[in-house]
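Chain letters run A, B, ... following the sequence lines, proteins first, then strands; residues in each count from 1. Both backbone and side-chain heavy atoms feed into the values below; hydrogens, waters and symmetry mates do not.
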Protein chains: 2
Amino acid sequence: MKYSTRDKILDAVYKLVYINGCNGTSIDMILKECSIPKGSLYHYFKSKKEMVLTVVKERIAPKMHEFYDLEKVKKEDGVDIMVRAILKVSQKEELVKFGCPLNRLNQEMSPVDDDFAKAINFIYDRMKSDILSALKDSSIKADVDLDSLAQFIIATVWGSLSLSPRHSSIKRYLNTINHLVSYLESLKY
Amino acid sequence: MKYSTRDKILDAVYKLVYINGCNGTSIDMILKECSIPKGSLYHYFKSKKEMVLTVVKERIAPKMHEFYDLEKVKKEDGVDIMVRAILKVSQKEELVKFGCPLNRLNQEMSPVDDDFAKAINFIYDRMKSDILSALKDSSIKADVDLDSLAQFIIATVWGSLSLSPRHSSIKRYLNTINHLVSYLESLKY
DNA sequence: TTTAGTTTAGACTATTTGGTCTAGTGGAGG
DNA sequence: CCTCCACTAGACCAAATAGTCTAAACTAAA
């Protein structure tokens, strides 16, 4: 299985943009990171923007999906599935250190670029609706508004991670998120 | 009362950096925004970095403080003070639209610049300890860990705001934050 | 009114930026 | 072996970038 130039580029861009932000990452940094000449880069992508947008779709989207799409197969309580997913986040070192890549890019680019806003929003919506369907399939009391709860879960996890990189650590993340878990448990009938 | 050049600069930088980010804001944009020549700008600040760092200390810090420092004078339950502060956030249009300015700058700059990390962390710590003291002076059950609760509150508010600018609105913010309020209420004895 | 210091003014510079262009190279199919 | 085309290579470019410098215009105090 060969490691294609295109993949090399996308991996490098993902990594650099994740840490330095989109505006903080220059073409030269990317070229240096993956040791390819400029010609190759512009052979695969027509602009920097298209490159980063591709990273959103082909790198960030799957990573986001991976997080909450754990074995739904089992007939398990939706809340428990969610809780396990949220706790699992702590195992991803980079997440605790740098926060959610989607959230970071959202904050940087959405206010100033509609194409980014759309692409990011798309992923966000899918994530939210998947969380929603997990919650629907759970023992949560009937009077709880699940839509806002799904949003609350995302907000809290993103927020906990965004205290990074200076204020957070795995332990701290878990302490913080523990309150979310208690709250979710308290909503069961 | 005159509107000094220095203040004009800081206001412009605050506004531009808030929306476009630090790397997304050029010196020329700043000059144009406040219609001053380059000489003046570099008379007051020796570099762009120093300028933005000054904005953190003289613009963002007071704004953050203003939010949670509401009439503590009254002998009121700390939780109620917090809840009122959190709800009040929704009245600040720009907050709901663009998120918390401290959080945004934190995510962009902290991973790549220690001076920013320190300055931002300083404000964060002060905010957290103020929240903590409000919580200590409240009717929250004794077995609740207040430190992590303070962190949870910040994380949730920041997270709710960071769903912006594409996913949020005042209504949505309140819906989301409503879960936080319920949780806080449930912690009272 | 002179003087000294602060503030304004903007032309100028060196570097970095994203992006183009043309020439070559390598490997798969004929 | 040849041919063709995807890919590599990096020199080159115009624009934007942060920051410098010198001169002038204020302003307040003597």
Point to revise | Test item: A:Y18 side-chain N/O and A:E94 main-chain N/O as donor-acceptor pair under 3.5 Å | key: yes
Point to revise | For atom CD1 of A:I30 and atom P of C:dT17, their distance in whole Å | key: 11 Å
Practice item. Tell me whether the OP1 or OP2 atom of C:dT7 has a side-chain N or O from B:T5 closer than 4.0 Å. Key: no
Review point. Should the pair B:K48 and B:Y42 be classed as cation-pi, given the thresholds of under 6.0 Å to the six-membered ring centre and 45° from the axis?
Key: no
Point to revise | Phosphate OP1/OP2 of D:dG10 contacted by A:K38 side-chain N/O (<4.0 Å) | key: no
Revision key, fill the gap. Rounded to whole Å, CD1 of B:I9 lies from P of D:dG19 at a distance of 14 Å
Review point. Can you find a side chain N or O atom of A:S40 that sits less than 4.0 Å from OP1 or OP2 on D:dC7?
Key: no
Check your understanding: How do A:N23 and A:G39 order along DNA chain C: which one's closest nucleotide is nearer the 5' end?
Key -> A:N23
Exercise for review: Among C:dT8, D:dG19, D:dC7, find the nucleotide with the atom closest to the side chain of B:S47.
Suggested key: D:dG19
Point to revise | Nucleotide C:dA11, atom P - distance to CG of B:L31 in whole Å | key: 13 Å
Revision key, fill the gap. Atom OH of A:Y44 and atom P of C:dT20 are separated, to the nearest Å, by 18 Å
Practice item. Take the protein atom NZ of B:K49 and the nucleotide atom P of D:dA18, then report the distance between them rounded to whole Å. Key: 15 Å
Review point. B:F122 ring centre to B:K57 NZ or CZ under 6.0 Å, with the angle to the axis within 45°?
Key: no
**Study point:** Expected output: side-chain A:R104 to main-chain B:Q107 donor-acceptor under 3.5 Å
**Key:** yes
Review point. Which part of the nucleic acid, if any, lies within contact of B:S4, taking any heavy atom under 4.0 Å across all strands shown: a base, the sugar-phosphate backbone alone, or nothing?
Key: nothing
Review point. Can you find a side chain N or O atom of B:S26 that sits less than 4.0 Å from OP1 or OP2 on D:dA16?
Key: no
Check your understanding: How many Å lie between NE2 on A:H43 and P on C:dT20, as a whole number?
Key -> 15 Å
Practice item. Check the distance between C:dA11's P and B:D28's CG and give it to me in whole angstrom. Key: 12 Å
Check your understanding: Taking only side-chain nitrogens and oxygens of A:Y42, does any of them come within less than 4.0 Å of OP1 or OP2 of D:dG10?
Key -> no
Practice item. Could you tell me whether a side-chain N or O of A:R6 sits under 3.5 Å from a main-chain N or O of A:Y44, the two making a donor and an acceptor? Key: no
Practice item. Among D:dG10, C:dG18, D:dG19, find the nucleotide with the atom closest to the side chain of A:P37. Key: D:dG10
Revision key, fill the gap. Between NZ of B:K46 and P of D:dA18 the distance, given in whole Å, is 16 Å
